[in-house]
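Every value quoted in this text rests on a predicted model; they were computed, and no experiment measured them. The sequence lines fix the lettering, A, B, ..., with proteins before strands; numbering per chain opens at 1.
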Protein chains: 2
Amino acid sequence: MIRLLLADDQALVRGALSALLGLEPDLEVVAEVGSGDEVVAAVLAHHPDVALLDVEMPGLDGIAAAAALRQAAPDTRVLIVTTFGRPGYLRRALQAGASGFVVKDTPAAQLADAVRRVHAGLRVVDPALATDSLVAGDSPLTARETEVLQAARDGSPVAAIAARLFLSEGTVRNHLSAAIGKTGATNRAEAVITAEGNGWL
Amino acid sequence: MIRLLLADDQALVRGALSALLGLEPDLEVVAEVGSGDEVVAAVLAHHPDVALLDVEMPGLDGIAAAAALRQAAPDTRVLIVTTFGRPGYLRRALQAGASGFVVKDTPAAQLADAVRRVHAGLRVVDPALATDSLVAGDSPLTARETEVLQAARDGSPVAAIAARLFLSEGTVRNHLSAAIGKTGATNRAEAVITAEGNGWL
DNA sequence: CCCCGGCCATGACAACTGTCATGGCGCAGT
DNA sequence: ACTGCGCCATGACAGTTGTCATGGCCGGGG
């Protein structure tokens, strides 16, 4: 019997995945949580063999939760299940100690298998996504550039970003300019979009 | 036996929902499709009683598919199941003839009930979302303004938008300015974000 | 009929944005 | 010690954006 924990902020999806996996005779969902913050506590309480974590969650995201689990419960293996197959997500997930990475448009029949493989100590990675991750490469953005781009996501003008980050407006413009150049964009908005698409934010 | 059709582009979610609903003794999933374009054909082929449609799908979105179903198979009731509880989505879904509207963070246990209610001819609408929809009101944007804002989503400069829409740059700026004013934004990017959040695009 | 509102356009102005050159500070690697 | 690089800052310039006034064209409602 493989014991599972599910973490996904969408209750309906969480419940549905639970139903799906519950159909398998050798799988058993022992805990469900709706935010990344609850993951560690739930794992310590229920000792699942495998934790299925969504990336997009309130509080700690799935990748951060995976990293926290590596510390708190190294025996629990992590399978990331996410909507977006962004190259940067995969890379960061693996660095955080995840054993598998599955996108939500893989066929439902394959999920149970992925869980079993992860439980058996194997790595599970969508091959198409892995190659994407290779070609896209690691984020070229420095820490500050990333931070400034994040602050620019909501369309704030330079002045607001500068105030929020306690920087001068000129510095913000420089970082943005660098980010625009590195992302191949011509534009702040474009830079945000491509950085997000690559999982760099 | 209530016969169901599921439409969701994420195969894993689709399969999981199928498993969840399949647990109910009085429900039966008779068809699953992964895009809005396939909905009408699948409904005509399998005659489900209720169609569960996701809004975000390639091809026809769930709302457009609901409208198409009203024409092609008026006996099949539509329950929209979506990630985003955007006021405009709800309004447009109801106008398109949907009988119910459920957000993906409602508890899994309630979905089957929602299906039964819809099948019984009742309307199912999240009350919190309904009030949101009332306060947010209908889109204040004119057709052109909407179109221009859509074209601005990817961060294109005015010149590119003008070229794509065969308008003069000045006109595009005027429409954008109007949209910015109506959305309460100070900014093109902000205007895009709030318009999207309200389901106006 | 006349007026209002949506739509298109032009032109002008102020504000914001993106780029570049330049310089200082600190930290790592050679 | 020197070099390279990230980070912060300033100032200047050209290009883009947002606003406003103005005007023409059309269709619907009073």
Send over the distance from B/Leu149 CG to D/dT17 P, rounded to a whole Å.
14 Å
Does A/Arg173 place a side-chain N or O at less than 4.0 Å from the phosphate oxygens OP1/OP2 of C/dT19?
no
Can you check the A/Glu169 CD to D/dC8 C1' distance for me, whole Å?
14 Å
Closest approach to the side chain of A/Pro157, judged atom by atom: which nucleotide of C/dC8, C/dT17, D/dG18 is it?
C/dT17
On DNA chain D, does the nearest nucleotide to A/Phe166 precede the nearest nucleotide to B/Ala185 from the 5' side, or the other way round? Give the residue.
A/Phe166
What is the distance from CD of A/Glu145 to P of D/dG6, rounded to the nearest Å?
8 Å
For B/Ala143 and for A/Gly181, locate the closest nucleotide of DNA chain C by heavy-atom distance; then report the residue assigned to the nucleotide nearer the 5' terminus.
B/Ala143
Rounded distance in Å - CG (A/Asn187) to P (C/dC16)
17 Å
Looking at C/dA9, D/dT16, C/dC16, which one has an atom nearest to any side-chain atom of B/Thr171?
C/dA9
Base, sugar-phosphate, or nothing: which does B/Ala159 touch, judged by heavy atoms less than 4.0 Å apart?
nothing
Tell me the interatomic distance from A/His175, atom NE2, to C/dC20, atom C1', rounded to whole angstroms.
16 Å
Donor-acceptor side-chain pairing of B/Ser139 and B/Arg91 below 3.5 angstrom
no
In whole angstrom, what separates A/Leu141's CG from D/dC5's P?
17 Å
Would you tell me if any nitrogen or oxygen in the side chain of B/Ser168 comes within less than 4.0 Å of OP1 or OP2 on C/dC8?
no
Has B/Arg123 got a side-chain atom pairing as donor or acceptor with B/Ala98's backbone, closer than 3.5 angstrom?
yes
Using whole Å, report how far NZ of B/Lys182 lies from C1' of D/dT19.
16 Å
Touch class at under 4.0 angstrom, heavy-atom based, for B/Thr142 against every strand present:
sugar-phosphate
5′-ward residue of the pair A/Asn174/A/Ser156 relative to DNA chain C
A/Ser156
A side-chain contact here means heavy atoms from C-beta on lying under 4.5 Å apart; do B/Leu111 and A/Leu12 qualify?
yes
Any donor-acceptor pair under 3.5 Å linking the side-chain atoms of B/Thr194 with those of B/Glu190?
no
Are any of B/Arg144's side-chain N or O atoms less than 4.0 Å away from OP1 or OP2 of C/dC8?
yes
Between C/dC20 (C1') and A/Leu176 (CG): distance, integer Å
15 Å
Heavy-atom closest pair (B/Arg3 atom, B/His46 atom, distance to 0.1 Å) is NH2-O, 2.5 Å
